[in-house]
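First up is the structure itself, then whatever we jot down about it.
Treat the numbers as computed from the prediction; the structure is a model and nothing was measured. Residue numbers run from 1 in the order of the sequence given.
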Amino acid sequence: MTVWLSAGIIFTLLSVAYILFKWGNMKVVGVTPVRTFTFIAILFTSGLDVGLIMFPLTEFAGYADISASPEYAFTNPLAIEFGFWGFLIWGFYFLTCFYFCVIEPKVKFFENPVVKLVNNVVIIGTCAFTAFLLLSNLPWYLPSVGDGESIVPAFYLIVFAAIAFAVYSSTSIKYVRILSLTTTWVFIALIVGMWAGAFIFGESKMMAYFTNLGLIGGYFANIDNFVLPINEYHAFYLFWWFSWSIMIGQFTSRFVGGLKTYQVLLAMMVIPSIPIAAWFSVLYHYHSAGIPTEGITNLAMVFVGVVFVINSLDSLIRLYTDNLNISVERIGKTNYIALNIVALSLLTLLFKLDFLQIQWVGALVIAIFFSCFAFILSQKFKSVTAIKTSPKENKIDFTKIENLN
């Protein structure tokens with residue numbers, strides 16, 4: 001699996017380099033373009049899930065224990081956490097976003113029935129894994145609800161409510177902009193609130209936070225160490241990013257609003273990394289200073305985590321229902337809601353039973369990458385190399401999203 005994963009990463013990075021070389025200055029326009037801030041909000045909130053909120057506080061200690069994991073000794077725990085979530089790996093999303101916006105309309109690889117089936121399996125499986133992550137982390141963040149270890153009925157209810165809300169919001173694309181912008185501002189409010197909690201109400205010195213923020217420089221000084229898997233846990237993260245990449249590319253490609261190709265890459269790699277760095281630095285300060293998060297802080301983190309889950313599920317549900325032609329218009333709103341809630345709830349339980357693993361999904365996505373590349377080389381090479389613009393039918397009209405159902 002490690003060799004397969006490494007091959008997928010190398011292929012992805014080489015593909016990004018080729019795209020920049022050939023189409024770097026080309027204007028990229030999606031079918032439903034939005035303004036740049038809205039595009040970034042949609043990308044950020046759709047491309048991340050509850051793990052961003054809930055994983056770091058449980059992981060810093062493991063990255064610091066270099067006696068147990070000497071492979072982490074090359075830099076500090078905050079830089080490692082950032083490396084697992086930020087900057088370079090957002091290039092996965094850029095590749096698929098550009099592909100679906102510019103290349104797929106010429107290639108139509110994903111219209112092949114077998115490819116479409118596999119693609120939908122990937123999307124639905126990752127949807128369920130997102131809900132499972134929320135379920136499995138709630139005992140740690142809400143110990144007062146149970147014994148701090150077991151999953152109690154209240155946690156199932158929270159996850160069920162998140163799934164139900166996401167299914168409902170996916171019934172109309174007009175909710176995308178509202179949900180994405182709301183999630184972005186809620187996340188920013190959480191960062192500011194926890195920052196204030198540490199330095200206004202606590203005894204921590206403000207300079208300690210900025211010292212921690214500077215530790216992220218350890219990532220950029222050692223970026224070569226993050227390209228290929230450091231160990232099995234890093235491989236898990238990388239497979240996870242691959243599992244998301246195709247569907248996030250499909251979804252976000254709709255909303256690109258006329259940026260040039262190199263600007264899309266910079267926007268997707270740099271801008272989301274800024275709030276990630278700020279957030280992780282706050283969490284690392286809580287960890288290193290021993291500041292407790294019980295009570296309202298944990299509740300706030302869980303709330304934002306649930307909002308992220310809703311946003312992510314909304315975009316993924318919208319994708320697979322479009323692909324499978326089970327839209328609200330075709331089967332009716334009541335049937336649409338019931339079918340998706342039942343399906344995602346059952347699949348979430350399958351992840352809990354270890355029947356499914358996200359690594360399998362990521363490996364399947366890498367197979368799709370290579371299959372698509374082989375298809376282009378064998379049948380669509382001239383069509384792809386002749387591309388000079390985004391599809392001509394895609395016009396920059398920022399009001400278009402407001403007129404869609």
Legend entry - Phe226 ring center within less than 6.0 Å of Phe87 ring center: no

Inset, instruction - Determine yes or no for a side-chain-to-main-chain donor-acceptor pair under 3.5 angstrom, with Trp244 supplying the side chain and Ile123 the backbone. - result: no

Inset, instruction - Report the distance from atom CD1 of Ile326 to atom CD1 of Ile317, rounding to the nearest 0.5 Å. - result: 10.0 Å

Inset, instruction - May I ask you to decide if the ring planes of Trp241 and Tyr93 are parallel, tilted or perpendicular, using 30° and 60° as cut-offs? - result: tilted

Inset, instruction - Check whether any side-chain N or O of Thr297 sits under 3.5 Å from a backbone N or O of Glu294 as a donor-acceptor pair, and report yes or no. - result: no

Legend entry - CG (Leu377) with more than 12 external heavy atoms under 6.0 Å: yes

Legend entry - Check against side-chain contact (heavy atoms from CB on, under 4.5 Å), Phe236 and Ile358: CA-CA 8 Å; Phe236 157 76; Ile358 198 64; 3.4 Å; yes

Legend entry - Contacts of Phe165 that satisfy side chain to side chain contact (heavy atoms under 4.5 Å, CB included) - sequence neighbours left out: Ile310

Inset, instruction - Examine the side chains of Tyr72 and Asn231 and answer whether a donor and an acceptor come within less than 3.5 Å of each other. - result: yes

Inset, instruction - For atom OH of Tyr168, decide whether the heavy atoms of other residues, nucleotides or ligands shown that lie under 6.0 angstrom number more than 12. - result: no

Inset, instruction - Sequence neighbours left out, what passes side-chain hydrogen bond (donor to acceptor under 3.5 Å, both in side chains) with Ser170? Give chain and number order. - result: Tyr336

Legend entry - Side chain Glu104, main chain Phe109, donor-acceptor under 3.5 Å: yes

Inset, instruction - Indicate yes or no: at least one non-hydrogen side-chain atom of Cys97 is less than 4.5 angstrom from one of Ile248. - result: no

Inset, instruction - Determine, using ring centers only, whether Trp4 and Phe370 are less than 6.0 Å apart. - result: yes

Inset, instruction - May I ask you to decide if the ring planes of Phe60 and His287 are parallel, tilted or perpendicular, using 30° and 60° as cut-offs? - result: tilted

Inset, instruction - Say whether Ser281 and Asn212, considering side chains only, have a donor N or O and an acceptor N or O under 3.5 Å apart. - result: no

Under 3.5 Å, which donor-acceptor pairs do the side chains of residues 257-264 form with other protein atoms, sequence neighbours left out?
residue : atom : partner : partner atom : Å
Thr261  : OG1  : Trp23   : O            : 2.7
Thr261  : OG1  : Met26   : O            : 3.2
Gln263  : OE1  : Lys260  : N            : 2.9

Legend entry - Shortest non-hydrogen contact from Ser136 toward Ile151: CA-CD1, 4.3 Å

Inset, instruction - Please say whether more than 12 non-hydrogen atoms of neighbouring residues, nucleotides or ligands are located less than 6.0 Å from CZ in Phe11. - result: yes

Inset, instruction - Please test Leu78 against Tyr219 for side-chain contact (heavy atoms from CB on, under 4.5 Å), starting from the C-alpha separation and ending with a verdict. - result: CA-CA 9 Å; Leu78 179 55; Tyr219 164 76; over 6 Å; no

Legend entry - Sole candidate of Asp322, Thr321, Asp314 that passes side chain to side chain donor-acceptor pair (under 3.5 Å) when paired with Arg318: Asp314

Legend entry - Lys106, NZ: over 12 other non-hydrogen atoms inside 6.0 angstrom: no

Legend entry - Donor on one side chain, acceptor on other, Glu71 and Asn225, under 3.5 Å: no

Legend entry - Phe55 ring center near Phe84 ring center (under 6.0 Å): no

Inset, instruction - Verify the distance criterion only: is there a donor paired with an acceptor across the side chains of Trp85 and Tyr237 at less than 3.5 Å? - result: yes

Legend entry - Exceeds 12 heavy-atom contacts within 6.0 angstrom, atom CH2 of Trp185: no

Inset, instruction - Using side chain to side chain contact (heavy atoms under 4.5 Å, CB included) as the criterion, point out the one residue from Thr96, Ile42, Leu43, Leu316 that pairs with Phe251. - result: Ile42

Inset, instruction - State the CG-CZ distance between Leu135 and Phe155, to the nearest 0.5 angstrom. - result: 8.5 Å

Legend entry - Trp240-Phe129 aromatic ring centre distance below 6.0 Å: yes

Inset, instruction - Go through the steps for Ile216 and Phe220 under the test side-chain contact (heavy atoms from CB on, under 4.5 Å), then give the verdict. - result: CA-CA 7 Å; Ile216 289 179; Phe220 294 99; 4.2 Å; yes

Inset, instruction - Tell me, yes or no, whether the heavy-atom count around Phe303 atom CZ, taken from other residues, nucleotides or ligands under 6.0 Å, exceeds 12. - result: no

Inset, instruction - Dump the intermediate steps for side-chain contact (heavy atoms from CB on, under 4.5 Å) on Val29 and Val256, then the final yes or no. - result: CA-CA 5 Å; Val29 183; Val256 186; over 6 Å; no

Inset, instruction - Check each of Leu299, Leu57, Leu283 against Thr293 using the side chain to side chain contact (heavy atoms under 4.5 Å, CB included) test, and report the only one that passes. - result: Leu57

Legend entry - Flag, side chain of Thr348 to backbone of Leu344, donor-acceptor distance under 3.5 Å: yes

